[in-house]
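Have a look at the structure below, then the notes.
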There are 2 protein chains.
Amino acid sequence: MKAQKELMQVFAELDDVEDVEQFCREILTAKELDDLYLRWQLLKELHQKIPQRTIAANHGISLCKITRGSKILKDKGSITLKLLKKTLERESDEQ
Amino acid sequence: MKAQKELMQVFAELDDVEDVEQFCREILTAKELDDLYLRWQLLKELHQKIPQRTIAANHGISLCKITRGSKILKDKGSITLKLLKKTLERESDEQ
DNA sequence: ATCCTTGTTTCTATCAGCAGAAACATATAA
DNA sequence: TTATATGTTTCTGCTGATAGAAACAAGGAT
């Protein structure tokens with residue numbers, strides 16, 4: 001099997017949150033992982049209609065980084081968008 | 001929930017290989033994803049006891065990148081090592 | 001129309017990961 | 001012991017993602 005599909009397969013089979021986290025910490029550097037967390041947080045806030053400049057100020061990041069997230073969410077077929085909705089609905093249920 | 005755990009949760013809940021792949025393509029750049037694929041491939045080859053200089057030559061990468069993979073696999077508690085074993089066993093079964 | 005808010009794009013400089021190369025460490029064989 | 005193969009570390013320069021800043025575009029409110 002190609003390395004690409006194989007790695008995706010590994011992720012698909014990982015069901016435990018702790019396992020996923022440990023695996024990510026092993027194959028990504030601390031900075032890469034922090035960047036990834038920030039991207040997710042940024043996508044959440046964009047989806048919640050928080051102004052881009054507010055997000056930039058809150059996290060101390062530049063607008064070019066945010067524009068990128070914005071482009072992802074504009075795509076109607078975006079799976080990130082679906083996953084965000086799922087996550088945010090769950091959070092609102094918890095309140 | 002913290003963005004960190006939340007993102008890990010998203011990965012843990014993704015069961016379909018195609019979905020994982022699409023999600024990765026959305027939140028990672030093409031280069032970041034290629035790097036990640038290469039890291040996995042490199043880890044596989046290290047685990048198969050292929051000499052580091054052979055791996056470096058085959059993929060056109062430097063040794064410093066390989067040393068890093070080597071360090072991951074030296075850790076007895078490494079989940080990457082467990083996942084590699086699982087993957088390689090499956091591949092040998094297929095033959 | 002004018003102003004203000006927000007989204008988007010572009011420019012230069014910075015930083016982390018890594019290439020390329022060399023040196024160093026260790027072990028095994030001759 | 002000496003030579004060879006392999007693993008590891010270190011150094012300088014390069015590259016891609018992005019910070020910081022500015023400019024541009026599009027609406028909405030007055």
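To find a chain, count down the sequence lines: A is the first, B the second, and so on, and within it residues start at 1. Basis for what follows: all heavy atoms, side chains included, without hydrogens, waters or symmetry-related copies.
The K65(B) side chain lies nearest to dA19(C) when the options are dG7(C), dA19(C), dG17(C). Taking the side chain of S62(B) as heavy atoms from C-beta on, and the options dC18(C), dA19(C), dT8(C), the nearest nucleotide is dA19(C).
K49(B) comes within 4.0 angstrom of no nucleic acid atom, judged by non-hydrogen atoms across all strands. Nucleic acid contact for R68(A): sugar-phosphate only, since backbone atoms but no base atoms lie under 4.0 Å from a heavy atom of the residue.
Between K74(A) and E32(A), the residue anchored closer to the 5' end of DNA chain C is K74(A), taking for each the nucleotide with the nearest heavy atom.
Checked for salt-bridge contact, E21(A) and R25(A) meet the test: a charged N lies under 4.0 Å from a carboxylate O. A salt bridge is defined here as a Lys NZ or Arg NE, NH1 or NH2 lying under 4.0 Å from an Asp or Glu carboxylate O, and K5(B) with E18(A) meets this definition. A salt bridge links D35(A) and K31(A); the closest N-O separation between the charged side-chain nitrogens and carboxylate oxygens is under 4.0 Å. Salt bridge annotation for R39(B)-E32(A): present, with a cationic side-chain nitrogen under 4.0 angstrom from a carboxylate oxygen.
Distance, Q48(A) CD to dT6(C) C1': 18 Å, rounded to whole Å. When rounded to the nearest whole Å, the span between CD1 of I61(B) and C1' of dC18(C) equals 10 Å. In this structure, K31(A) places its NZ atom 7 Å from P of dG17(C), rounding to the nearest Å. A straight line from CZ of R53(A) to P of dT8(C) spans 10 Å, rounded to a whole angstrom. In this entry the distance linking CG of L63(B) with C1' of dA19(C) reads 10 Å, nearest Å. A straight line from CD1 of I66(A) to P of dT8(C) spans 10 Å, rounded to a whole angstrom. Rounded to an integer number of Å, the gap from CG of L73(A) to P of dT6(C) is 18 Å. Rounded to whole Å, atom C1' of dC18(C) lies 16 Å from atom CD of Q52(B).
Here W40(A) contributes atom CH2 and Q9(B) contributes atom CD; the two are 10.5 Å apart, rounded to the nearest 0.5 Å. Separating the CG atom in L36(A) from the CD1 atom in I27(B) is a distance of 4.5 Å, to the nearest 0.5 Å.
Reading DNA chain D from its 5' end, the first and the last nucleotide to sit under 4.0 Å from a heavy atom of chain A are dA17(D) to dA23(D).
Between the side chains of S78(B) and E26(A), at least one donor N or O lies within less than 3.5 Å of an accepting N or O.
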